[in-house]
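The structure appears below as structure tokens.
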Amino acid sequence: MLLNPNCKFWYFQTQKITEMKKETKERMVKTLNIIAKDRKRTNILKSSEQKLIAYLVQKIPMWINSDGLTAIGFVGNVVVASSIVMGAFINRYWLLLSLIGFAVNWFGDSLDGRIAYYRNRPRKWYGFSLDVTVDWVGTILIGLAFMIYAQGAWKYLGFLFVVLYGWQMITAQLRYKISGQYSIDSGIFGPTEVRIILGAIITLEVFFPGSIYYLTTLATAFLVYSNLVEAKKILTLADQRDTEEKRIKEREIVNRQRENA
């Protein structure tokens, strides 16, 4: 039975769409494998976040490189800090600008290293050093902005938050040094979840003035708990590595003695 021209057209169109979907899926799987290289994620949103990153790295223009994305991420932090300062001196509705800042920061900070791997132009140690430095400076700016916004003794919360977030960053570096596996997450929470929580806290402050103090206190208390838990894990991991290295060294000494016997 021969197909009429219209049926043939729709048949080939359907086949073409099916092939395009298959090709897109295969490209997405390949990209996901590339961007996941050298990084272990444990955060709640890891699945959807990784898929979004895999999609975006394919769309970023070639004239935007990793350093440019790092700069974009830093600009996002500057926007967040500026919105808090303007909320203090002009009007608290300026705090809503921080939501844009967090989104911009996520875009730059999440894609700068991943796009380098996607384009096969990784600068592992340079990118690692630059990313940590820029993130730390951005965190300090946001902490200082909170200290400007806060009243009275609440100002110390900003300082404490920066210290605790810095502790979390140090823990990530220690984990990398000891295990060789770099992870930017602390259990089920990663930078993305932290941005969402901070954005929600700042948004609530706009409509419920003063709530930022109590919510930030809760977030700070959680950071204390999280840092203590992660510190215990790191110390356990470090002890295991010391034991393993000692065992290897003793084995080498025994083998050397046997060779010299």
Side-chain angles (χ1 to χ4, degrees), residues 43-44 70-110 129-175 184-232 234:
N43 60 316
I44 299 173
T70 299
I72 289 172
F74 181 71
V75 168
N77 274 335
V78 171
V79 171
V80 173
S82 300
S83 72
I84 297 172
V85 173
M86 287 189 290
F89 290 108
I90 304 175
N91 188 296
R92 70 174 184 275
Y93 286 100
W94 278 102
L95 292 172
L96 294 174
L97 182 62
S98 66
L99 300 180
I100 296 175
F102 283 125
V104 172
N105 177 254
W106 175 89
F107 179 81
D109 190 43
S110 299
S129 303
L130 179 65
D131 196 43
V132 171
T133 301
V134 171
D135 283 350
W136 179 233
V137 174
T139 301
I140 291 172
L141 289 178
I142 294 174
L144 288 173
F146 179 86
M147 292 180 74
I148 292 172
Y149 181 86
Q151 302 293 320
W154 293 109
K155 291 180 181 292
Y156 295 110
L157 265 180
F159 172 77
L160 187 57
F161 183 85
V162 169
V163 170
L164 291 170
Y165 196 77
W167 182 4
Q168 198 171 66
M169 293 175 69
I170 291 171
T171 299
Q173 318 319 317
L174 289 172
R175 187 186 299 112
I184 58 176
D185 303 322
S186 180
I188 60 175
F189 288 94
T192 300
E193 286 76 13
V194 171
R195 292 185 188 98
I196 292 172
I197 292 170
L198 292 179
I201 290 173
I202 293 173
T203 301
L204 285 172
E205 172 65 12
V206 173
F207 302 102
F208 304 97
S211 63
I212 193 171
Y213 302 138
Y214 305 103
L215 294 174
T216 304
T217 300
L218 288 175
T220 301
F222 175 79
L223 271 178
V224 172
Y225 170 77
S226 176
N227 284 340
L228 289 173
V229 170
E230 291 301 315
K232 184 179 179 181
I234 287 296

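In this structure, V162 and W136 have side chains that are in contact, with non-hydrogen atoms separated by less than 4.5 Å. Contact check for Y225 versus V229: side-chain heavy atoms found under the 4.5 Å cut-off. With a 4.5 Å cut-off on side-chain heavy atoms, F222 and L164 do not count as touching. Side chains of F161 and L157 form no contact here, defined as non-hydrogen atoms less than 4.5 Å apart. Here the side chains of I148 and I84 are not in contact, with every heavy-atom distance at 4.5 Å or above. By the 4.5 Å heavy-atom criterion applied to side chains, I212 and R92 are not counted as neighbours. In this structure the side chain of N105 never reaches within 4.5 angstrom of the side chain of V80, judged on heavy atoms.
The nearest pair of heavy atoms linking R195 to F102 is CD-O, 3.7 Å. Residues E205 and G210 share a closest heavy-atom pair of OE1-N, 2.9 Å. The nearest pair of heavy atoms linking S129 to T133 is O-OG1, 2.8 Å. Nearest heavy-atom pair, G158 versus M147, reported as atom, atom and distance to 0.1 Å: CA-CG, 4.1 Å. Among all heavy-atom pairs drawn from I44 and E193, the shortest one is N-OE2, 3.4 Å.
Summarising the geometry, atom CG belonging to L223 is positioned 11.5 Å from atom CG belonging to L218; distances are rounded to the nearest 0.5 Å. To the nearest 0.5 Å, atoms CG (L96) and CD1 (I202) are separated by 9.5 Å. Within the model, atoms CG of L204 and OH of Y214 stand 14.5 Å from one another, a figure rounded to the nearest 0.5 Å. Interatomic distance, CD1 of I72 versus CG of D109, reported as 11.5 Å (0.5 Å rounding). For the atom pair OH (Y149) and NZ (K155), the distance works out to 11.5 Å, reported to the nearest 0.5 Å. Note that CG of L160 and OG1 of T216 are 11.0 Å apart. Values are rounded to the nearest 0.5 Å.
The side chain to side chain contact (heavy atoms under 4.5 Å, CB included) with S83 is formed by just one residue from the set I100, V78, L99, L97; it is L97. If you run ring pair (Phe, Tyr, Trp, His ring centres under 6.0 Å) between Y213 and each of Y156, F208, W154, only W154 comes through. Evaluated for a side chain to side chain contact (heavy atoms under 4.5 Å, CB included) with N77, the options I142, L141, I140, T139 yield exactly one hit, I142.
Panel note: side chain Q173, backbone I170; no donor-acceptor pair is recorded below 3.5 Å.
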